[in-house]
Every structure is written in C-alpha cells, then in structure tokens.
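As structure tokens, the structure follows; a few thoughts come after it.
Since we're looking at a predicted model, the values are computed, not measured. Residue numbers count from 1 along this sequence. Worth knowing before you read on, the calculation uses all heavy atoms, side chains too, and leaves out hydrogens, waters and symmetry mates.
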Amino acid sequence: QVELVESGGGLVQAGGSLRLSCAASGRTFSTLGMGWFRQAPGKNREFVAVIDRSGGTTLYAASVKGRFSIARDTATNTVYLQMNSLKPDDTAVYYCAARRGIAVVTIPTQYDYWGQGTQVTVSS
C-alpha cells in the first residue's frame, strides 16, 4: 500500500507561481511512476504531468507544457510540481498519483494510488 499526501495548494493571482509537493510512503519510491492530475468543477479528471520511476522521462499536457515542471526527490520520497505563469484556467483540485511499473502513463484509471488532492485557485 502507498500513501500520498499533497501540499502546497492555495490562492494565487494570474501570472504567479506555486509549487505542489506529494510525499509518498509505504512502498519503495523508486519503483513507482508518479503523476499529477487535476479536476475542475464539472469536468473530468485530466492529466497534467508524469515522471517515470527513474526520473529520466517526463511528459506534460499541452496546456501546461513550458509553464509546469515535474521532478522527484528520492532522498525524501517526494514528487514536486512547479507551476509558473499560472492562469485562471489552471484552477482545479490537483491530485498526485502513483503506479507500479516502468511505463509513462497519462490515463488516470491506470494509476494504483491517489492522494486526497489540494486546491489551486488562480484569480484573474
């Protein structure tokens, strides 16, 4: 079993930055691929970014590419999502997710573990 705890959400003005953190426990962190997803009110959960278990491969949604950056720290079992140049459309609950295996996956249903989510609100 894996427990994921997100932090770092909040209210920010358009153009600002936030860094989300996701602390993982319960399973060897290096065996897990890690992803960030988000869900806005009335919308489906959507892929934001993913990093493979080695940290060598990352993938981003087109809507955030060039503004967001995902990274992982094996010393602290934490994955980060640095969000810059935030827009009101980025407003959502952001979820951290983990999956076993080496593949880089963007589909939410293929993830095994989920955090509770953290709210990000971007004002115009």
Just by modelled atom types, is the [Y] backbone N or O under 3.5 Å from a matching donor or acceptor in the [X] side chain?
X	Y	value
Glu6	Gln116	yes
Asp52	Thr57	yes
Arg67	Ser85	yes
Thr28	Ser30	no

Side chain to side chain contact (heavy atoms under 4.5 Å, CB included) between Thr58 and Val50, worked out: CA-CA 6 Å; Thr58 58; Val50 61; over 6 Å; no
Exercise: identify the closest heavy-atom pair between Ser124 and Pro88: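 Result for this residue pair: CB-CG, 3.9 Å.
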Nearest heavy atoms of Gln119 and Thr91, plus distance in Å: NE2-CG2, 4.1 Å
Transitive ILVMFWY side-chain link [X] to [Y], under 4.5 Å:
X	Y	result
Leu86	Val64	yes
Tyr95	Val105	yes
Tyr80	Ile51	no
Val104	Trp36	no

To the nearest 0.5 angstrom, please state how far the [atom1] atom of [X] sits from the [atom2] atom of [Y].
X	Y	atom1	atom2	result
Lys87	Ser63	NZ	OG	8.0 Å
Gln39	Asn44	CD	CG	7.0 Å
Arg45	Ile107	CZ	CD1	14.5 Å

Between Thr78 and Asp73, a side-chain donor and acceptor under 3.5 Å: no
Side chains of Arg100 and Tyr111, donor plus acceptor under 3.5 Å: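 There is no such pair (donor and acceptor under 3.5 Å, judged by atom type) between the side chains of Arg100 and Tyr111.
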Test side chain to side chain contact (heavy atoms under 4.5 Å, CB included) applied to Ser17 and Val12, step by step: CA-CA 7 Å; Ser17 298; Val12 64; over 6 Å; no
Cation over ring face, Arg99 and Tyr113, 6.0 Å, 45°: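 No, Arg99 does not sit over the ring of Tyr113.
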Verdict with reasoning, Trp114 to Phe37, per ring-ring contact (aromatic ring centres under 6.0 Å, His included): CA-CA 10 Å; Trp114 290 85; Phe37 294 80; 5.1 Å; yes
Non-hydrogen side-chain atoms of [X] and [Y] separated by less than 4.5 Å:
X	Y	value
Ile70	Val79	yes
Arg72	Met34	yes
Thr118	Leu20	yes
Pro108	Phe47	no

Residue Glu3 excluded, over 12 heavy atoms near CD under 6.0 Å: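 For Glu3, atom CD is not crowded (no more than 12 foreign heavy atoms under 6.0 Å).
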Ile102 CD1: over 12 foreign heavy atoms closer than 6.0 Å: no
Audit row: Glu46, Arg38, side chain to side chain contact (heavy atoms under 4.5 Å, CB included) steps and yes/no: CA-CA 5 Å; Glu46 66 173 6; Arg38 66 188 182 186; 2.6 Å; yes
Test side chain to side chain contact (heavy atoms under 4.5 Å, CB included) applied to Leu18 and Gln82, step by step: CA-CA 6 Å; Leu18 282 175; Gln82 177 68 43; over 6 Å; no
